[in-house]
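The structure under discussion appears below in the form of structure tokens.
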Amino acid sequence: MKSWSVCLLIPVLVLAAGCRRVADQPVDTSQLPLAVGGVVPGPLAVTHGGVGSPPEWSTMTQEAADGAMAQLVATDDALEGALAGTVVMENNPVFNAGTGANIRLDGKTIQMDAALMTSEGDFAAVAVIERVKNPILVARKVLDTPHRMLAGEGATRFAHVLGFADIVPTCPEAEAKFHKRWQRLLDGVAGGGYDHFDWRRAWNFPGPLPEDAARDGGPAGPETGDTVGTVTRAVDGTFAVTLSTGGTSITLDGRVGDVPIYGCGSYAGPAGAVACTGHGEEIIRQMQARTVYNLMAGGLSAQEAVARAAAAFPPEWSVGLIAVDAHGWGVAANRQMAYGVASR
Ligand code: GLY
């Protein structure tokens with residue numbers, strides 16, 4: 001099994017400078033902190049640990065890619081591989097998904113989104129699901145229903161009826177991130193376009209505002225990454241993508257990001273598969289995954305397409321993308337991002 005890490009950077013095409021916010025026009029990709037890719041035949045799996053995740057996490061994203069590849073080889077099924085890769089990251093408290101999912105501003109609530117898509121056009125998602133360890137596996141079960149998405153309490157009850165354990169997936173890492181987040185809010189540097197929003201006036205959680213939440217802040221280690229994702233290509237040339245997230249760092253109760261929204265966080269079709277991570281509201285506005293897919297369907301390689309989209313994203317917001325096509329793979333981000341690649 002071959003693998004790559006962030007240490008092995010393959011230069012990207014440097015495209016002509018152009019309009020910053022239109023991904024279907026050439027943009028300057030040479031300044032991106034991360035833009036790599038390669039040409040690889042056969043089964044292929046690429047993972048990301050969320051934009052913002054430090055390169056040191058690449059051993060864990062590589063573990064996820066290897067887990068995806070093991071399933072790809074065992075099943076020859078692109079979706080089975082993509083599910084396996086994202087489950088590995090949902091089970092690791094370092095990542096903002098499943099076990100390590102962000103705690104919302106009330107200090108108690110954990111609401112997660114997850115989605116999957118295949119190149120045959122199958123799509124399924126869960127939104128604002130609570131009290132499960134592996135939201136992506138619940139999304140897989142939604143695929144067996146007549147529906148495409150379950151949300152909120154219905155999604156949570158659906159999971160528990162099917163036998164998923166009723167657990168609050170929290171951990172010391174998520175607690176530390178929560179306290180650090182509140183400190184940033186109190187300091188007035190929420191970031192990500194949220195600095196000027198009055199959270200107190202809009203407070204919609206059932207419980208009171210946790211005024212003393214920053215009290216136990218302390219060192220919280222590196223800031224969390226965002227959504228985790230896996231894209232795969234099976235030996236028969238079919239593709240799949242899975243995404244899972246604890247949501248963006250600072251949100252109101254019930255907020256839904258890009259992950260479960262069709263064509264936004266993820267997309268797959270005959271030309272390949274795409275997974276996004278980053279500022280969900282802007283990813284939705286750009287219908288980012290479908291936009292990148294269209295670039296690949298129009299003839300750009302996976303590497304070219306993700307680099308162009310990352311370079312065109314508004315620089316004040318973070319974005320990361322991974323993609324596979326018939327020939328190879330691409331990874332690009334406008335911040336740091338851990339990723340893994342596995343083939344055989
Ligand atoms: N990209 C994840 C989210 O915005 O929820």
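Each ligand, and each atom within it, is numbered from 1 in the order the structure gives. Remember, it's a predicted structure, so these values are computed and weren't measured experimentally.
Between Glu281 and Arg255, at least one side-chain N (NZ, or NE/NH1/NH2) sits under 4.0 Å from a carboxylate O, which counts as a salt bridge. A salt bridge does not link Arg308 with Glu304: every distance from a Lys NZ or Arg NE/NH1/NH2 to an Asp or Glu carboxylate oxygen is 4.0 Å or more.
Inclusion of His279 in the set of residues having an N or O under 3.5 Å from an N or O of ligand 1 is not warranted. For a threshold of 3.5 Å applied to N or O pairs, the pair formed by Asp226 and ligand 1 contains at least one separation below that value.
Those atoms of ligand 1 that come under 4.0 Å of a heavy atom in Gly257, given as number and element, are 5 (O). Which parts of ligand 1 touch Gly278 is read off a 4.0 Å heavy-atom cut-off, strictly below it: atoms 1 (N), 2 (C), 4 (O). Residue contact check: Gly280 has heavy atoms under 4.0 Å from atoms 4 (O) of ligand 1.
Checking each of Ile322, Val274, Leu300 against Val292 for a side chain to side chain contact (heavy atoms under 4.5 Å, CB included) leaves exactly one that passes, namely Val274. The side chain to side chain contact (heavy atoms under 4.5 Å, CB included) with Glu90 is formed by just one residue from the set Ile136, Thr245, Thr99, Asn96; it is Ile136. Remark: of the listed residues Thr61, Leu243, Thr86, Val88, Thr86 is the sole one forming a side chain to side chain contact (heavy atoms under 4.5 Å, CB included) with Thr230.
Nearest protein heavy-atom contact of atom 2 (C) of ligand 1 is Thr227 OG1, 3.0 Å.
Closest to atom 3 (C) of ligand 1 by heavy atom, among Asp258, Thr245, Asn96, is Asp258.
At least one heavy atom of Arg255 sits closer than 4.0 Å to an atom of ligand 1.
For CD of Glu175, the number of neighbouring non-hydrogen atoms (other residues, nucleotides, ligands) closer than 6.0 Å is greater than 12.
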